[in-house]
Amino acid sequence: MPIPQAIPQNCPNGLQYLSTINQLLVKQQVEIIEALLGFETNNKYTIKNNVGQKVFYAVEDNDCCTRNCCGPIRPFEMKILDNYKNEVIHLSRPLACQSCLFPCCLQSIEVFSPPGCLVGIVEQDWSILTPMFTIRNAAHEEVLKIEGPICRYSICGGDVEFKILSKDKTTVVGRISKQWSGLLREVFTDADFFGISFPIDLDVRMKAVMLGACFLIDVMFYEKRGNVEDDGIGLC
């Protein structure tokens, strides 16, 4: 994908591509060992634009014990690389709870671009039925909201949508969609497909944060433990 001619002012290096994109497609790679044995490996993802051009590549970074003992609530660092293998976005997810029974210790993920420079945070809000998240900028100001569905089962063949809302929750400005990836892939692996849509004129930093939100949603709700499906209803 060519670098756009008009680069937005103060755009972090490596995010220039995002200035002309209003959609990203995220595809998790199938790991054979994980599919056959249920042994958790580091997740890897290919990120493309809506015409199939590869934009980024993402890889999770943590240790074997953490992945297999903590499962979907595990902490991790994630590197997002461009086509030249330069790290352009770094994600950091601490260990925390995601049950509505523990409202003081909920999920979050920090987004850095370039690595070391915070551009935004995704924070889980306390809720009982529908997953809710707040998107904040580097100054910790509330920018957007994300609202998920009560039922997150994808086995029926349809997409599962998490709506990106204005901060007053009156306007839908985009979506993070868990897309149906076929019966065998859904049942026997946790390798998922996601689509992210947002306004083309959204700040590129917030587009990077939306990507972080997608990975947080994937691990929270669609990461299997030992190939056991964990999609569900509500959060408790």
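Index from 1, following the sequence.
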query = N83 side chain to K54 main-chain N or O, any donor-acceptor pair under 3.5 Å?
reply = yes
ask   = About how many Å separate CZ of F76 and CG of L95, when rounded to the nearest 0.5 Å?
value = 12.0 Å
request  = For side chain to side chain contact (heavy atoms under 4.5 Å, CB included), just list the numbers for N49 and Y17, CA-CA rounded to whole Å, side-chain angles, deciding distance to a tenth of an Å, and then say yes or no.
outcome  = CA-CA 10 Å; N49 60 19; Y17 290 132; over 6 Å; no
message = Applying salt bridge (Lys or Arg N to Asp or Glu O under 4.0 Å) as the test, list every pair that has at least one member in residues 137-146; sequence neighbours left out.
response = D125-K145, E142-K145
ask   = For the atom pair CE (M210) and CD1 (I164), what is the distance rounded to the nearest 0.5 Å?
value = 5.0 Å
query = Would you say the side-chain atoms of T171 pair up with the backbone N or O of S166, donor to acceptor, closer than 3.5 Å?
reply = no
Reference residue C214; test side chain to side chain contact (heavy atoms under 4.5 Å, CB included); the match among V26, V219, I47 = V26
Spacing of CD1 belonging to I146 relative to CE belonging to M132, to within rounding of 0.5 Å = 9.5 Å
Shared-cluster residues of I200, by chain and number - hydrophobic side chains joined below 4.5 Å = none
message = Count I, L, V, M, F, W, Y as connected when their side-chain heavy atoms are under 4.5 Å apart, and connections chain through other members. Are I217 and L25 then in the same cluster?
response = no
query = Considering residues at least two apart in sequence or located in another chain, which fulfil the side chain to side chain donor-acceptor pair (under 3.5 Å) criterion with E161?
reply = R175
inquiry  = List the residues meeting salt bridge (Lys or Arg N to Asp or Glu O under 4.0 Å) with E147, not counting sequence neighbours, and say none if there are none.
reply    = none
inquiry  = Please give me the minimum heavy-atom distance between V160 and P149, naming the atom from each residue.
reply    = CG1-CG, 3.4 Å
request  = Identify the heavy atoms of D159 and Q179 that sit nearest to each other, and give their distance.
outcome  = OD1-CA, 3.3 Å
ask   = CZ of R93 to CE of M220: how many Å apart, nearest 0.5 Å?
value = 7.0 Å
Partners passing salt bridge (Lys or Arg N to Asp or Glu O under 4.0 Å) against D203 (at least two apart in sequence or in another chain) = R205
query = Should L144 and F133 count as side-chain neighbours, where that means a heavy-atom distance under 4.5 Å?
reply = no
message = Hydrophobic clustering (ILVMFWY, side-chain heavy atoms < 4.5 Å, transitive) - are L211 and L165 grouped together?
response = no
request  = Quick one: closest heavy-atom pair of V111 and G212, and the distance?
outcome  = CG2-CA, 4.3 Å
task = Would you mind listing every salt bridge (Lys or Arg N to Asp or Glu O under 4.0 Å) that reaches into residues 163-172, with sequence neighbours excluded?
result = none
message = Holding to side chain to side chain donor-acceptor pair (under 3.5 Å), I want the full list of residues that pass it with K79, two or more places apart in sequence or in another chain.
response = none
request  = State, with a plain yes or no, whether a side-chain heavy atom of Q28 is found less than 4.5 Å away from one of N43.
outcome  = yes
message = Once rounded to the nearest 0.5 Å, what's the spacing between atom CZ of R136 and atom CD of E123?
response = 4.5 Å
request  = With side chain to side chain contact (heavy atoms under 4.5 Å, CB included) as the test, would you mind laying out the steps for K44 and Y57 before giving the verdict?
outcome  = CA-CA 8 Å; K44 301 179 181 66; Y57 176 76; 3.2 Å; yes
query = When you look at V88 and N13, which way does the side chain to side chain contact (heavy atoms under 4.5 Å, CB included) test go after all the steps?
reply = CA-CA 7 Å; V88 295; N13 189 35; over 6 Å; no
note = Residue set satisfying side chain to side chain donor-acceptor pair (under 3.5 Å) with N22, at least two apart, ordered chain then number -> none
query = CD1 of I176 to CG of L24: how many Å apart, nearest 0.5 Å?
reply = 10.5 Å
request  = Check V59, V55, L91 against I80 for a side chain to side chain contact (heavy atoms under 4.5 Å, CB included) and give me the one that passes.
outcome  = L91
key: side chain to side chain contact (heavy atoms under 4.5 Å, CB included) evaluation trace for I89 with M78   = CA-CA 8 Å; I89 303 172; M78 183 174 288; over 6 Å; no
L202-L118 co-clustered via ILVMFWY side chain contacts under 4.5 Å = no
key: Qualifying salt bridge (Lys or Arg N to Asp or Glu O under 4.0 Å) pairs with a residue from residues 104-121, counting only residues at least two apart or across chains   = none
key: Where P94 and S108 come nearest, the two heavy atoms and their spacing   = CD-O, 3.5 Å
Heavy-atom pair of closest approach, residues V204 and C11 = CG2-SG, 3.7 Å
task = Over all heavy atoms of both residues, which pair between N50 and Q23 is shortest? Give the atoms and the distance, please.
result = CB-OE1, 3.1 Å
message = Suppose we screen for ring-ring contact (aromatic ring centres under 6.0 Å, His included). Which residues come up paired with Y45, at least two apart in sequence or across chains?
response = F215
message = Applying ring-ring contact (aromatic ring centres under 6.0 Å, His included), can you list everything that pairs with F162, at least two apart in sequence or on another chain?
response = F221
key: Residues which pass side chain to side chain donor-acceptor pair (under 3.5 Å) with S92, listed by chain and number, not counting sequence neighbours   = E77
query = Do side-chain atoms of K178 reach the backbone of Y222 as a donor and acceptor pair under 3.5 angstrom?
reply = no
